[in-house]
Every structure is written in structure tokens, then in C-alpha cells.
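The structure under discussion appears below in the form of C-alpha cells.
If you're wondering where the values come from, they're calculated on a predicted model, not measured in any experiment. Chain A is the first sequence line, chain B the second, and so forth, proteins listed ahead of strands; every chain is numbered from 1. Only heavy atoms go into these numbers, but all of them, side chains included; no hydrogens, no water, no symmetry mates.
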There are 2 protein chains.
Amino acid sequence: MASDTTLAPVDRDETLAEKVYGRLRGALVGGRLVPGQKLVHRQLAAELGVSPTPVREALLRLVSEGALDLDVRGISWVPRLSPGRYAEIMDLRGELEGRAAARAALLATPEEIATLRAIHDRLMEGRRAKDAPVVLAENERFHFGVIAIARMPVLQKVVEHLWTQAGPTINLLLTVPRPDWPNGHPHEDLLRALDAHDADAARAAVERDLREYAKIVAPLLERDSGHGNPD
Amino acid sequence: MASDTTLAPVDRDETLAEKVYGRLRGALVGGRLVPGQKLVHRQLAAELGVSPTPVREALLRLVSEGALDLDVRGISWVPRLSPGRYAEIMDLRGELEGRAAARAALLATPEEIATLRAIHDRLMEGRRAKDAPVVLAENERFHFGVIAIARMPVLQKVVEHLWTQAGPTINLLLTVPRPDWPNGHPHEDLLRALDAHDADAARAAVERDLREYAKIVAPLLERDSGHGNPD
DNA sequence: AAATGATATTTGCTATAGCAAACATCATGA
DNA sequence: TCATGATGTTTGCTATAGCAAATATCATTT
């Protein structure tokens, strides 16, 4: 996936700042950081065993992506998403991922579809095993796999940022029993649409996926979206 | 525009990093940084009279927004947009700004529309005076004014990032005579659509604006999008 | 003349230090 | 008991220093 051209692997090792960023982003989208939580860069630095500089850099990057809030004093917070803002994020994801799925339906090769299907199988297996981290990881892989097929790098970055912004809400989801998808999992609709090169069906499948997902999470946000910054 | 509620102005003065970011972003969207240009944080720091730290912070923020490229060695470049990538950016802007305009058509008050119209008048006056900086600034104000009416903060941030990414291309635009909009300026269509609360027409106006804009810029990109990093 | 190699410079990354504002703690006083 | 004020700590921001890799410069060699 990385390079199908000649030579030149040797990807430089990540900087510390990138590692810290990756760790924090993982914690966010894994729901291990709770909304309202304060992130103190010196404390994090001590915990991670690095100097404050790369931690500060990672925090500011997350702020610029909208994944963290920065109050007037420069303190980073895991934001409490208001229901309205959450709805806007999911709405945009639906529009953008739907567009990517439509394009993917036109471009997908059988191999790519098979790869996606394998990801979805692992997702379902993780769900049967009630292994939340696996479910979350494979779900993310699935969604970005579709975007990769569509070859839309700008859209990909936008959705990555939206994904991170909605990340902390999923710990709410984990507190509630997962739905059983009486009409079948939307991913399966999407896979069929890709097989059939049916762009409209692909878009509809993604939109249904996100809509049903949001329908579960939204009510859980009501109680959660305080306005202040209690510490 | 900032606070129509009681008390509490006193917005803390910007940090140096924010000032540097603002200056660099302005240079990007004003076309004063040429694609392919290398940005060396220590040199910039010396020019701006600050230490390397806030400059580095500003550069990395722009990188995370996609406005600058970072090569493997950690050097920041003003990216050369490929025609395909430019098209993707404008396509996404069309979709997102179109959506915002549609919503703005439902929400806009007469006062808000009047404000927009004043902005557009200044834009046209700047154009008659061939004052490019004014035209660019008022155009940006107009587009984000529409988004502000729509009350879509997440979308706003996304479009800001897209705007910055497409920024360096406008110096290409400045080399070419501006079109005369034989069918009238799309902004005027949009203003009429807002007046009429016609969401579909508003969306169409924005999409036409961006499409015709892109039609001018795209051919200019062909020659410009080298792949390498000449210095 | 071209290639090679040594040296000096540049440059990004990380760590550290200092400052000022914010915050917490606690003693004092009404 | 509660308010006030002094003091020490925390914390974000900026500057500075050191390191290592990359780059540039230049002398040497073939």
C-alpha cells in the first residue's frame, strides 16, 4: 500500500511529537479521554517520559484539528460536544463519506472490495467477542478504506479531522448495548453496492450507517454537554 | 460581531505563535508565497524578530491544516497543487459552501443580507480600482459571511482549511485578466436567493461561483505543478 | 576537469530555563 | 464563619542551547 514503485522504503522514524500525537489521537478516538478532561502538557510529558516541547506540539496540532479545545488561558480540554455540534459533524461526515463511497463504487477493484470485506469480517468477529477496541479499529479502517479507494486525499484529511472531533463521544456509545442491525449491517449494503458499481446505493449505505450511528449517540449527548469547564 | 451579550470583552492578546500564524496564512491566501518555496523557521524567526519556537509552531499548524507540505526531512514547503488536487479542493468547497448557502437562505435576516451586500459592493469597487488585496479580502469576507449566517461552525473550520490550501494558487489568478461575468456576478445571484429564501438557488449560485473561478485557475496550474522540490 | 573526501554551516528536533499570569493554599482579621 | 490577603506552586509561552543529520563549501586526488 505504501510504495508500488521502485526502491526507496526507509521511511524516517517518527519524531517524538508525532508519536505523542498518535498516542493522544488514539486515546481520543478510542474513547479513553473523557470530555471535559484537562490536558496539561507538562504532566503528560512526565508521564510519557519526554520533554514538554513535543507534547505541546502534539496538543496544539490536535487543537488546530478541532479535536481539542483551547481556552483563553491556553489550557487544552477534551471538548464536550453539544448535540448540535455532534449532529453537524455527523452530517458532514455523511455528505463527505457518502461522496467518497459513490466515487469508490466507480473505481473499486475486486481486490480492494475483498480487502474491505475482510476488514468488515474482523469487525463483526470483534463484535461477537465484545472486543470494543477491535471493533473501533476495524470500523475506522473500513471507513478510511473506502475513502482510499476513492482516491480523494483532501477529503480524506477532512474526514480524519472530523473523525477525531467525534472521537471522545464513543465512550458514551460503549456504555450502551449495540444495536443488532435488524436490516443487516450497512457495511454489507455498501460492499454489495461496490460490487455492483452502484454509486447511489453506495452513498445511501454510508449515509444510513452514519445516520443510525448518530441516532444512538445523540440522545446520550444531551446529559453530557455541559457548558462550563469543571475540572 | 464578537459579543452581543453582557460584559466580558478583554480578549487576551494573541500569542506570538498566533501572530506568526496569521501573518503566514495571510501571505498564503494573499498569494505572496510562491508554490515550491521553502520556509525555514530560523530564517523566518530572524526576519520577524522572534525566537524559532513560535515560528515552528505556526509552520506546523499550517502543515496540519494542509496549507504547507512537510518533506521527510522536516522542511516546510509551499505546495505545488496538482490540477487534480486543486479540482478536489474546489469540488469540496462547492459542496460544503453550497450546503452552507442553502441553509443560510433559510436563516438569513435582512440585516445579514444587507451586510453581505455591502461586502460585495466593496469587492466590486475594489475590482474597478484594480486593488487586488481588497478584492481578495472582501471575497473571503463574503464567503465566510455566508457560512456565518448558516451557523455551521464545524463546516466553517473545514472551509477555512480548504481556503488556505488553495491560497497560493491565487497569485496565478492575478496574472490573468479577470472575467467580466457576462451573466452577472454569482454573488448577486446568491444575494437574490437569500432575499427569496430560495435554498436551491443559493446553492446553485455558490457552485457556479466556484466552478467559474476554478475554470479560470485550473489551466494555469498545468504548467506549474512540478513534482520535485527544486530550491 | 571530474570525482572524492574533509570540513564548516545549516537546520529540524528535543530539552531546558526563565518569566509572568493564574491558581491553590493557608494564615490573618473582621 | 467568612472574607481578605500573602505566599508558594503550577502552567503556558518564549527564548536558548545542544545534538545529529543533511547540506554546502572547498581542497585534494586521479
Under 3.5 Å, which donor-acceptor pairs link side chains of residues 136-148 of chain B to any protein atom two or more places apart or in another chain?
from	atom 1	to	atom 2	distance (Å)
B/E138	OE1	B/R141	NE	3.1
B/E138	OE2	B/R122	NE	3.2
B/N139	OD1	B/H143	NE2	3.4
B/E140	OE2	B/R25	NH1	3.2
B/H143	ND1	B/E97	OE1	2.6
B/H143	NE2	B/H187	NE2	3.4
B/H143	NE2	B/D209	OD2	3.2

Next on the checklist: What is the distance, to the nearest angstrom, from the CD atom on A/E14 to the C1' atom on C/dT14?
Outcome noted: 16 Å
Show each protein N/O and nucleotides 7-11 of chain D N/O combination with a separation under 3.5 Å, one pair to a line.
from	atom 1	to	atom 2	distance (Å)
D/dT11	OP1	A/Q43	NE2	3.0
D/dT11	OP2	A/Q43	NE2	3.4

Next on the checklist: Going by salt bridge (charged side-chain N to carboxylate O under 4.0 Å, His left out), name the residues that satisfy it together with B/E65, two or more places apart in sequence or in a different chain.
Outcome noted: B/R61
Checklist entry - For the pair made of CG in A/L16 and P in D/dG18, what is the distance, rounded to whole Å? => result 20 Å
Item to check | Sub-4.0 Å heavy-atom contacts from residues 50-57 of chain B onto DNA chain C, ordered by number | outcome: B/R56
Item to check | side-chain contact (heavy atoms from CB on, under 4.5 Å) against B/V217, all qualifying residues, sequence neighbours excluded | outcome: B/Y86, B/T169, B/L173, B/Y213, B/L221
Next on the checklist: Going by side-chain contact (heavy atoms from CB on, under 4.5 Å), name the residues that satisfy it together with B/L106, two or more places apart in sequence or in a different chain.
Outcome noted: B/A199
Item to check | Listed once per pair and sorted, the salt bridge (Lys or Arg N to Asp or Glu O under 4.0 Å) pairs that draw on residues 143-154 of chain B, sequence neighbours left out | outcome: B/E112-B/R151
Item to check | Separation of C/dG12 C1' from B/L39 CG (nearest whole Å) | outcome: 14 Å
Item to check | side-chain contact (heavy atoms from CB on, under 4.5 Å) partners of A/E212, counting only residues at least two apart | outcome: A/W181, A/R208
Next on the checklist: With a 3.5 Å distance limit and no angle check, can you tell me whether B/E88 reaches the backbone of A/L155 through a side-chain donor-acceptor pair?
Outcome noted: yes
Item to check | Listed partners of B/D91 passing salt bridge (charged side-chain N to carboxylate O under 4.0 Å, His left out), at least two apart | outcome: A/R99
Checklist entry - Would you say D/dT23 has OP1 or OP2 under 4.0 Å from some side-chain N or O of B/R73? => result yes
Checklist entry - Can you name the salt bridge (charged side-chain N to carboxylate O under 4.0 Å, His left out) partners of A/E125, sequence neighbours left out? => result none
Next on the checklist: Rounding to 10°, can you tell me the angle the first-five-pair axis of the helix from C/dA1-D/dT30 to C/dA30-D/dT1 makes with its last-five-pair axis?
Outcome noted: 0°
Checklist entry - Quick one: side-chain contact (heavy atoms from CB on, under 4.5 Å) partners of A/A27, sequence neighbours excluded? => result A/R32, A/L33
